[in-house]
There are 2 protein chains.
Amino acid sequence: MSTSRPRRRIPEASVARLPIYLQILIEQADGGVLNISSEGLAELAGVNAAKVRKDLSYLGSYGVRGVGYEVDYLIFQIRREMGLDQDWPVVIVGGGNLGQALAGYGGFSGRGFPVGAIVDNDPAKVDTVVGGVRIRHLDELDTIVSGTGIAIGVIATPASAAQEVADRLVAAGITSILNFAPTIVTAPSRVSVRTVDLAVELQILSYHEQRRANLRSGTRTGGRGTGLGPGSATLKRGATA
Amino acid sequence: MSTSRPRRRIPEASVARLPIYLQILIEQADGGVLNISSEGLAELAGVNAAKVRKDLSYLGSYGVRGVGYEVDYLIFQIRREMGLDQDWPVVIVGGGNLGQALAGYGGFSGRGFPVGAIVDNDPAKVDTVVGGVRIRHLDELDTIVSGTGIAIGVIATPASAAQEVADRLVAAGITSILNFAPTIVTAPSRVSVRTVDLAVELQILSYHEQRRANLRSGTRTGGRGTGLGPGSATLKRGATA
DNA sequence: CATTGTGAAGCGTTTCACAGCC
DNA sequence: GGCTGTGAAACGCTTCACAATG
């Protein structure tokens, strides 16, 4: 019974929004809402209604003209299309601050990504328990991956270790990587890599913040003029922890 | 003379990449590299060289034909344009797992975003110390913001509290919000909001993971795990053809 | 007749390709 | 000669607008 098949390729921009719709739809379903229009969903998601319709159209024609979409059915379809009708256990590499937070944070397990394993190369961390999972040694990665079929690795190490860790994850058979280290990691094209750099997000905000400040004061900030010398740019060199 | 500001608006897509170039340039400078070509920078950033040149051109004409870009000078210019020639202290709302990790994570303070304050509404958490900062009560937000001039708020609460927290941040005078709660938060247009939903990132990976699995086998693998994930959707409705 | 699904226009981003300059 | 800076082409995403339809 091949349940599969609207196998068209969904544009990346839409793929990034479907989880957001899903989240909203689940909330609505919990609240007892049975149907929703593209307009209503758009409002809740903070986007344009036409965009919602186009996004949903990539899943198939699951709406009813004049009525809207059946919430439960849409949830089912998005889950199926996104591969969220199964759990995807992850292995977290790095038992430091961030790794511990990720392991303890219910947001992973609660949404279908249970923490299957945590590894670290620091013997002092090995065998401590975080979020109910015992930290194992990085060298056990191969065993863990082949033994559990885990497909997704999360890098929560310092930037300096990230590429090596990525290489080891790939060698162990991981096919998707979520990288929280503030550095680019590369992998063979068969492996998906996404990098989330928390400081980059703040830096983007900083740009807008600064731009508003400049607009308010009308003129350019007198501050540092022609200064060729990074006299002040010598500030903190990122001691990426 | 007159190094007046290149007051043009930088496209968002470029704004999002400049911090990445900056990171790389700082590493290069630390390694003693004095000059870099768009080609070299592109390689390190994992993007196309023309893109690098176009991105940098929004800052002004800071390259030298036939030679490349002076690393230190470029660092200085990107910092200036992004508003990173000053620190932007942040206030973290939520002293739970994620809030603690963010506070302890050197990646914020180390890159110009020191944690100026942490607040929580749980009396049990108030006065505990995280990452060297004492948690204060949420109600002190106004005092904190007006007293310190903090402009950026980080939401690290459960989804259910996020919108209310956002409202309070805005009321307190915050003008940029980085939201880690898995929900949309809205704010007046004068306030910048960015949402980082860690589970969404994993869900995007899931899509690609699942897509690869389907391509390999043609039909859906039974896989491990639960048939239907968490949540309440029980309704399935017939085949999907 | 409210609302979907979708061609087509509009717009921002990426990439090409080469003139301009050191 | 080598590399930047940038018009122009190509691309992908968003939005419009409306015919299709339960």
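Here is how names work: the chains are called A, B, and so on, in the same order as the sequence lines, proteins then strands, and each is numbered from 1.
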side-chain N/O [X] vs [N] OP1/OP2, d < 4.0 Å:
X	N	result
S38(A)	dT3(C)	no
Y69(B)	dG5(D)	yes
N48(A)	dC16(D)	yes

Tell me: [atom1] of [X] to [atom2] of [N], nearest whole Å?
X	N	atom1	atom2	answer
L74(B)	dT4(D)	CG	P	11 Å
I10(B)	dT14(C)	CD1	P	14 Å
E43(A)	dT3(C)	CD	P	14 Å
L56(A)	dG5(C)	CG	P	8 Å
E70(A)	dG22(D)	CD	P	16 Å
R53(A)	dG7(C)	CZ	C1'	13 Å
Y58(B)	dT6(D)	OH	P	10 Å
L41(B)	dG5(D)	CG	P	12 Å

**Prompt:** Mind checking what makes side-chain contact (heavy atoms from CB on, under 4.5 Å) contact with N48(A), not counting sequence neighbours?
**Reply:** A50(A), K51(A)

**Message:** Can you see whether R212(B) engages S192(A) through a side-chain donor-acceptor pair at a distance of less than 3.5 angstrom?
**Reply:** yes

**Request:** Please state whether the rings of Y105(B) and F108(B) are parallel, tilted or perpendicular, taking 30° and 60° as the class boundaries.
**Result:** perpendicular

**Message:** Could you check whether any side-chain N or O of N179(A) sits under 3.5 Å from a backbone N or O of T183(A), counting only pairs where one atom can act as donor and the other as acceptor?
**Reply:** yes

**Request:** Ignoring hydrogens and angles, tell me if any N or O in the side chain of S206(B) forms a donor-acceptor pair with the backbone of M82(A) under 3.5 Å.
**Result:** yes

**Request:** Select from G63(B) and S14(A) the residue whose nearest nucleotide in DNA chain D is closer to the 5' end of that strand.
**Result:** G63(B)

**Asked** Counting only heavy atoms not in E12(B), do more than 12 fall under 6.0 Å of its CD?
**Response** yes

Taking N or O atoms only and anything under 3.5 Å, show me the protein contacts with nucleotides 8-13 of chain D, one pair per line.
from	atom 1	to	atom 2	distance (Å)
dA8(D)	N6	K54(B)	NZ	3.3

**Request:** Just do the side chain to side chain donor-acceptor pair (under 3.5 Å) check on T175(A) and E209(B) with the steps written out, would you?
**Result:** CA-CA 7 Å; T175(A) 45; E209(B) 205 45 71; 2.7 Å; yes

**Proximity to the side chain of S57(B) - top-ranked nucleotide from dG5(C), dG5(D), dA17(D)** = dG5(D)

**Message:** Between L59(B) and I10(B), is the side-chain contact (heavy atoms from CB on, under 4.5 Å) condition met? List the steps.
**Reply:** CA-CA 8 Å; L59(B) 305 176; I10(B) 301 181; 4.2 Å; yes

What protein N or O atoms touch nucleotides 20-22 of chain C N or O atoms at under 3.5 angstrom, if any, and at what distances?
from	atom 1	to	atom 2	distance (Å)
dG20(C)	N2	R65(B)	NH1	3.4
dG20(C)	N3	R65(B)	NH1	2.9

**Request:** Report yes if the distance between the aromatic ring centroids of Y73(A) and Y62(A) is under 6.0 Å, otherwise no.
**Result:** yes

